[in-house]
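Structure first, commentary second.
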Amino acid sequence: MGRAGLTTERVVRAGAELADEVGFEQVTVSEVARRFDVKVASLYSHVRNSQDLKTRIALFALEELADRAADAVAGRAGKDALVAFANAYRDYGREHPGRATAARFPLAPETAAASAGVRHARMTRAILRGYDLAEPEQTHAVRLLGSVFHGYSSLETAGGFSHSAPDSEESWTRVLDALDVLLRNWPATPTP
């Protein structure tokens, strides 16, 4: 039995909070144990090692972000859904930079297939149905949106846009406008 009060959920949440404070790469079982003022061995009944802890933080972040994105897009369609979805990702990255990094942590295929990452893909595809994209173009668009949302958020969080005008908010609005135009005018599939 683990130390009184310690649960896997509390250990993972503490790891997620630590990731936001010091960066996801710096999260270890030892660092989380310090948070609880316990020996590392006390956590091994909740997580196997730092890799397992990071995987659990990634799953936690994916779930948390999927819930936030689902709430944001509920009842919306077209550009409104796209903007709400994008803003959910950006806001999450600003509020939880370590967790946002964790959400991109490589997972084993079976773990990924059972994760909230599947919900993210479904929500993105639901938004894209409003743009009338069929496969394989829809997959290309999913990848484009994920790259833009995660990339912009990562660069912004790192201060990459703070050194010049216009401000980041104005650029973000223009990026979303451009994505909407692109999705409405997606290039035809090239013929071989």
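All residue numbers refer to positions in the sequence shown, counting from 1.
Among residue pairs with one or both ends in residues 123-133, those qualifying as salt bridge (Lys or Arg N to Asp or Glu O under 4.0 Å) are R125-E135; sequence neighbours excluded. Applying the ring pair (Phe, Tyr, Trp, His ring centres under 6.0 Å) test to every pair with at least one member in residues 103-141, sequence neighbours left out, gives these pairs: F24-F105, Y89-H120. For residues 183-192, every residue pair satisfying the salt bridge (Lys or Arg N to Asp or Glu O under 4.0 Å) rule, not counting sequence neighbours, is listed here: D180-R184. Within the structure, salt bridge (Lys or Arg N to Asp or Glu O under 4.0 Å) pairs that include any residue of residues 140-153 do not occur (at least two apart or interchain).
Taking CD1 of I57 as the reference point, atom OG1 of T101 lies at 11.5 Å (rounded to 0.5 Å). For the atom pair OG1 (T8) and CG (L43), the distance works out to 9.5 Å, reported to the nearest 0.5 Å. Between I127 atom CD1 and L133 atom CG the span is 12.0 Å, to the nearest 0.5 Å.
Counting heavy atoms from C-beta outward, W172 and D167 have side chains that stay 4.5 Å or more apart. For the pair V29/D52, no side-chain contact is recorded, criterion being any heavy-atom separation below 4.5 Å from C-beta on.
One hydrophobic cluster holds both M123 and L65 under the rule that ILVMFWY side chains link at heavy-atom gaps under 4.5 Å. At a threshold of 4.5 Å between side-chain heavy atoms, the hydrophobic network of Ile, Leu, Val, Met, Phe, Trp and Tyr places L82 and Y92 in one connected group. Both L176 and F85 are part of a single hydrophobic cluster, where members link through side-chain heavy atoms under 4.5 Å apart.
E63 places no side-chain N or O within donor-acceptor distance of the main-chain N or O of A116, the cut-off being under 3.5 Å. R104 places a side-chain N or O within donor-acceptor distance of the main-chain N or O of A100, the cut-off being under 3.5 Å.
The environment of CD in E9 is sparse: at most 12 heavy-atom neighbours from other residues, nucleotides or ligands sit within 6.0 Å. Counted within 6.0 Å of CZ on R174, heavy atoms from surrounding residues, nucleotides or ligands total 12 or fewer; the atom is thus considered open.
Scanning both residues, A112 and V118, for their nearest heavy atoms gives O-CG2, 3.8 Å. Residues A103 and L62 approach most closely at O-CD2, 3.6 Å, considering heavy atoms. Among all heavy-atom pairs drawn from E95 and D20, the shortest one is O-OD2, 4.5 Å.
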Would you be so kind as to tabulate the donor-acceptor pairs closer than 3.5 Å made by side chains of residues 72-81, with sequence neighbours excluded?
residue	atom	partner	partner atom	Å
R76	NE	A72	O	2.9
K79	NZ	D177	OD1	2.6

What donor-acceptor contacts under 3.5 angstrom involve side-chain atoms of residues 157-166, with partners at least two apart or in another chain?
residue	atom	partner	partner atom	Å
T157	OG1	S153	O	2.8
S162	OG	G159	O	2.8

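Taking a cutoff of 4.0 Å between a charged side-chain nitrogen and a carboxylate oxygen, E17 and R10 do not qualify as a salt bridge.
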